[in-house]
K.L.:
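Have a look at the structure that comes next, please.
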Amino acid sequence: MGRGKIEIKRIENSSNRQVTYSKRRNGIMKKAKEITVLCDAHVSLVVFASSGKMHEYCSPSTTLIDILDRYHKQSGKRLWDAKHENLSNELDRIRKENDSMQIELRHLKGEDISSLGHKELMAIENALDVGLASIRNKQVELYKMVKKNQRILEEENKHLNYIMQHQQGMAMAAGNAREVEGGYHQRAVRDYNPQAFRLQPFHPNLQERI
């Protein structure tokens, strides 16, 4: 007895809907991989779940961008608006300029120059001369700046040394003044004699009594 035919309609139960989505998604991904291997086909598959999560598959021999470009050319349908087309053209232009600059950089390094003509080699030589002159000028500017900074530091160092020496001199003078004052005080104390200030009797009667 075979399975009954399933009616194709939205599954109301969210859990059953998620289970069915996972199974069908894996199945269609498997079919896309099989047709790629068996038939040498270029397949690109993008699936968005109801939650917004994306799943994708693309044949290893191509990319999604290449497939979309082929679809755009063969179907004649406009996938991109004018803004996106202008952006694509700008990216192509930048890519070409980058490739050209990479080639010029290799030439300036002396690489891949065997196929260049005389004019092209002269242009490279002139570019190197201009670059070398610019580098030398920059070196001179840096040297002058370093010397200027050194002079500023030396002047500041001299000024700081002068301040330190001045402060040390003032401290020494203050110390000497305190030493002189202390010595004078010590001498005054040492020379003090209480007997020198004793009253001497001069009255005859007082002297006889003593």
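Given the structure is predicted, the values throughout are model-derived calculations rather than measurements. All values below come from the heavy atoms of this structure, side chains included, with hydrogens, waters and symmetry mates left out.
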K.L.:
Sub-3.5 Å donor-acceptor pair from the side chain of Asn157 to the main-chain atoms of Leu153, do we have one?
P.N.:
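No, Asn157 side chain to Leu153 backbone: no donor-acceptor pair under 3.5 Å.
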K.L.:
Measure across Gly52 and Phe48 and return the closest heavy-atom pair with its distance rounded to 0.1 Å.
P.N.:
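Gly52 and Phe48 have their closest heavy atoms at O-CD2, 3.9 Å.
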K.L.:
Looking only at heavy atoms, which two atoms of Thr63 and Cys58 are closest? And how far apart?
P.N.:
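Closest approach of Thr63 to Cys58: C-SG, 3.6 Å.
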K.L.:
To the closest 0.5 Å, what do you measure between CD1 (Ile103) and CG (Asn98)?
P.N.:
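The CG atom of Asn98 is 10.0 Å from CD1 of Ile103, to the nearest 0.5 Å.
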K.L.:
Show the nearest heavy-atom pair for residues Asn13 and Ser15, with the distance to one decimal.
P.N.:
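Nearest heavy atoms, Asn13 then Ser15: OD1-N, 3.0 Å.
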K.L.:
Using only atom types and a distance under 3.5 Å, with no angle test, would you say the side chain of Thr36 pairs donor to acceptor with the backbone of Ala32?
P.N.:
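A pair under 3.5 Å: yes.
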K.L.:
How many angstroms lie between OH in Tyr21 and NE2 in His55, if you round to the nearest 0.5 Å?
P.N.:
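Reported value, rounded in 0.5 Å steps: 5.0 Å.
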K.L.:
Just verifying a value: how many Å separate Glu104 CD and Gln102 CD, rounded to the nearest 0.5 Å?
P.N.:
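These two atoms lie 10.0 Å from each other.
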K.L.:
Could you list the donor-acceptor pairs under 3.5 angstrom formed between side-chain atoms of residues 119-144 and any protein atom two or more places apart in sequence or on another chain?
P.N.:
unit_1 : atom_1 : unit_2 : atom_2 : d
Glu120 : OE1    : Gly117 : N      : 3.0
Asn126 : ND2    : Met122 : O      : 3.2
Asn137 : ND2    : Ala133 : O      : 3.2

K.L.:
Has Arg17 got a side-chain atom pairing as donor or acceptor with Ile11's backbone, closer than 3.5 angstrom?
P.N.:
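Checking the backbone N and O of Ile11 against the side chain of Arg17, a donor-acceptor pair under 3.5 Å is found.
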K.L.:
Take atom CZ in Arg70; do more than 12 heavy atoms of anything else shown fall under 6.0 Å from it?
P.N.:
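No, because the 6.0 Å sphere around CZ of Arg70 holds 12 heavy atoms or fewer from other groups.
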K.L.:
Nearest 0.5 angstrom please: Lys158 NZ to Leu160 CG, how far?
P.N.:
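So the gap between those two atoms works out to 12.5 Å.
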K.L.:
Which atom names give the shortest non-hydrogen contact between Met29 and Leu45, and what distance separates them?
P.N.:
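Heavy atoms only, the tightest pair is SD-CD2, 3.8 Å.
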K.L.:
Heavy atoms, side chains only, cut-off 4.5 Å: are Asp66 and Ser44 in contact?
P.N.:
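Side chain of Asp66 against side chain of Ser44, heavy atoms only: no contact under 4.5 Å found.
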K.L.:
Could you pull out the closest heavy-atom pair between Ala41 and Ser59, with the gap in Å?
P.N.:
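Closest pair (atom of Ala41, atom of Ser59, distance): O-OG, 3.4 Å.
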K.L.:
Measuring from atom CG of Asn16 to atom OG1 of Thr20, what distance do you get when rounded to the nearest 0.5 angstrom?
P.N.:
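These two atoms lie 6.5 Å from each other.
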K.L.:
From the options Lys148, Gln150, Glu154, select the one residue that forms a side chain to side chain contact (heavy atoms under 4.5 Å, CB included) with Ile152.
P.N.:
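Among Lys148, Gln150, Glu154, the one meeting side chain to side chain contact (heavy atoms under 4.5 Å, CB included) with Ile152 is Lys148.
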K.L.:
Are the charged groups of Asp92 and Arg95 less than 4.0 angstrom apart, N to O?
P.N.:
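Yes, this pair counts.
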K.L.:
Surrounding CZ of Arg24 (heavy atoms of other residues, nucleotides or ligands, distance under 6.0 Å), is the total greater than 12?
P.N.:
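Atom CZ in Arg24 is not crowded, with 12 or fewer foreign heavy atoms closer than 6.0 Å.
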K.L.:
Check His107, Glu111, Arg106 against Lys109 for a side chain to side chain contact (heavy atoms under 4.5 Å, CB included) and give me the one that passes.
P.N.:
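When His107, Glu111, Arg106 are each tested with Lys109, the side chain to side chain contact (heavy atoms under 4.5 Å, CB included) holds only for Glu111.
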K.L.:
Could you check whether Glu97 pairs with Arg93 (Lys NZ or Arg NE/NH1/NH2 to Asp/Glu carboxylate O, under 4.0 Å)?
P.N.:
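A salt bridge is present here (some side-chain N lies under 4.0 Å from a carboxylate O).
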